[in-house]
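Read through the structure below, which is laid out as structure tokens, and then see the notes.
Since the structure is predicted, the reported quantities are computational estimates derived from the model, not experimental observations.
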Amino acid sequence: MTDRPVWTADQALEQLYVAHWRALVRLAVLLVRDVGTAEEVTQDAFVAVHARWSHLRDPDKALAYLRQAVVNRSRSALRHRAVVERHAHRRTAPLSEPGADQAALDTDRRAAVLDALRELPQRQREVLALRYYLDLSEAEIADALGISRGAVKSHASRGSATLRTLLEEEQ
Amino acid sequence: MNDLHDLFHDAVDGIEPADRLTELRARTASPERAAARPWFWAAGATVLATAAAVAVVAVVSDGSDAPGHHHHDMAMDPSASTQLVAAYFLGDNELLYREFDEVPAGDPLRAALDRIQQPPEDPDYNSAFPPGSFSGVSLGDGTIRVDVADPEADVTGVAVQQVVYTLQAAAGERWPVEFRRLGELGPGEMVIADPAVLNPVSISDPAEGNEYAGSMIARGRVEPGGALWDLTGAIGGTVRQGAVTATTSGAGLRPWQVTVDLEGLEPGSYTFTVRTTDTSEPGKTTFHTSTDTRTITVR
């Protein structure tokens, strides 16, 4: 598509927010689990993309930058949390929206997926989230994480194998 | 490999993040913005500077793990001048449509309830509740409680769903809404959300009257069957069109999103329309369609 929007940084922020806020917060939840932390991480990524808009000037590049920022900041947030948790015993945040129907079952199933993701090494979790939640290609994931396509492939296959095993144990 | 795709979507697609646009605007505010958007930052630069400072503090201290906490605190930032609320209004077809409206900052439940007692932005919709219909709203133990002030207010049918959907969106919880008439003792009438009253297709963005140059991202919700969109100029011709499909699978209303290329269009007013086609009864000569429209300006 030959889009050449003439957005200012403020307009870009609003358009990107409208289009991607939800999905990026949800991506961050897959990475950090806690919804409040995910919102903060994503908000920081939007502030960063606003500051860089004069260099990006393109919605696709801006989205790639946002994804990268969310992944990197999620990683920092987890590092920070690891330090905090050495002092305070781990608490798991509940999911945000208990459904009206068979709420307990649904919540359990969702929590199991997020718990299992948490057990994975960080890179594997990142690769799986980008691949299966955002449906990115191997090349896009390699770009976002700054690793080779071969590494993406191996993280994806090891990560999905471990995740399946963890989820089967759960049942 | 679809199982992981489905599992991940199932795990997080129910999460409705808090709206942080107001905070983002405050954190990224610049002098150009103040000049470009006098209607938005009417309060002036002093308030802006304070908002930015307080918003940063709020972000740092907002790490609570308390259940549901994050739903309610974001719009409470006392220094922000406005917030967005999802407000549901009635269409001519007696179905509900959703608008995202900018309102003064404050308690999100109260702000949302106030919003639907005012006329909607889109002239195609209306509200069943004039100002003064309700006097209060609060969160109880798993319920949203509304005080009905107007003894004539009819809190039944589609109209009452306007209140239910709007307040559930503001609370970030799908809790039942309890309607209590003023002066009445004992429990009020409990109402839950009825999915049948939502219009099969709706536009969340653009908002009515938005201006664009270059391109426009439109999004909303649609039933699994999808819908068609078009952009029509003031003179009457269709200048762009396409199809809208849900971006995730599943039952009920799903999100859709399209990018509309506006390059080469004459500046002026256009109508963006999304419509579903009912093909469920072949042989029927009349089509039942649902539509939602927005007027936009191309610069």
Exercise for review: Taking the side chain as every heavy atom from C-beta outward, state whether B:Val12 and A:Val25 have any pair of such atoms under 4.5 Å apart.
Suggested key: no
Exercise for review: Report yes or no: does B:His5 contribute a side-chain atom to a donor-acceptor pair with the main-chain N or O of A:Tyr133 at less than 3.5 Å?
Suggested key: no
Review point. Out of curiosity, B:Leu7 CG to A:Leu114 CG, how far, rounded to the nearest 0.5 Å?
Key: 10.5 Å
**Study point:** Check: A:Glu39 side chain, B:Ala18 main-chain N or O, donor-acceptor pair, under 3.5 Å
**Key:** yes
Check your understanding: Does B:Asp10 offer a backbone N or O that forms a donor-acceptor pair with the side chain of A:Arg110 under 3.5 Å?
Key -> yes
Check your understanding: What residue, out of A:Val47, A:Leu163, A:Leu128, A:Thr42, has the most heavy-atom pairs lying under 4.5 Å from chain B?
Key -> A:Val47
Point to revise | B:His9 side chain reached by A:Tyr132 side chain, heavy atoms, under 4.5 Å | key: no
Check your understanding: Does a sphere of radius 6.0 Å around CZ in B:Arg240 hold more than 12 heavy atoms from other residues, nucleotides or ligands, not counting ones at 6.0 Å or beyond?
Key -> yes
Check your understanding: Does the distance from a Lys or Arg side-chain N to an Asp or Glu carboxylate O, for A:Arg22 and B:Asp19, drop under 4.0 Å?
Key -> no
Check your understanding: Distance from B:Glu211 atom CD to A:Gln11 atom CD, nearest 0.5 Å?
Key -> 9.0 Å
**Study point:** Contact check, side chains of A:Arg26 and B:Glu16, non-hydrogen atoms, under 4.5 Å
**Key:** yes
Check your understanding: When rounded to the nearest 0.5 angstrom, what distance separates CZ in A:Phe46 from CZ in B:Arg25?
Key -> 13.0 Å
Point to revise | B:Arg219 side chain to A:Ala19 backbone, donor-acceptor under 3.5 Å | key: no
Revision key, fill the gap. Max heavy-atom pairs within cutoff under 4.5 Å with chain A, candidates B:Asp205, B:Asp13, B:Ile192, B:Ile217, goes to B:Asp13
Review point. Any Lys/Arg nitrogen of B:Asp3 or A:Arg164 sitting under 4.0 Å from an Asp/Glu carboxylate oxygen of the other?
Key: yes
Point to revise | Engaged part of A:Val113 at the chain B interface, taking heavy atoms whose separation is under 4.5 Å | key: side chain
Show every donor-acceptor pair shorter than 3.5 Å between a side-chain atom in residues 150-157 of chain A and any protein atom, with sequence neighbours excluded, or say none if there are none.
residue, atom, partner, partner atom, Å
A:Ser154, OG, A:Ala151, O, 3.3
A:Ser157, OG, A:Ser154, O, 3.3

Exercise for review: Could you pull out the closest heavy-atom pair between B:Met216 and A:Gln15, with the gap in Å?
Suggested key: C-OE1, 4.2 Å
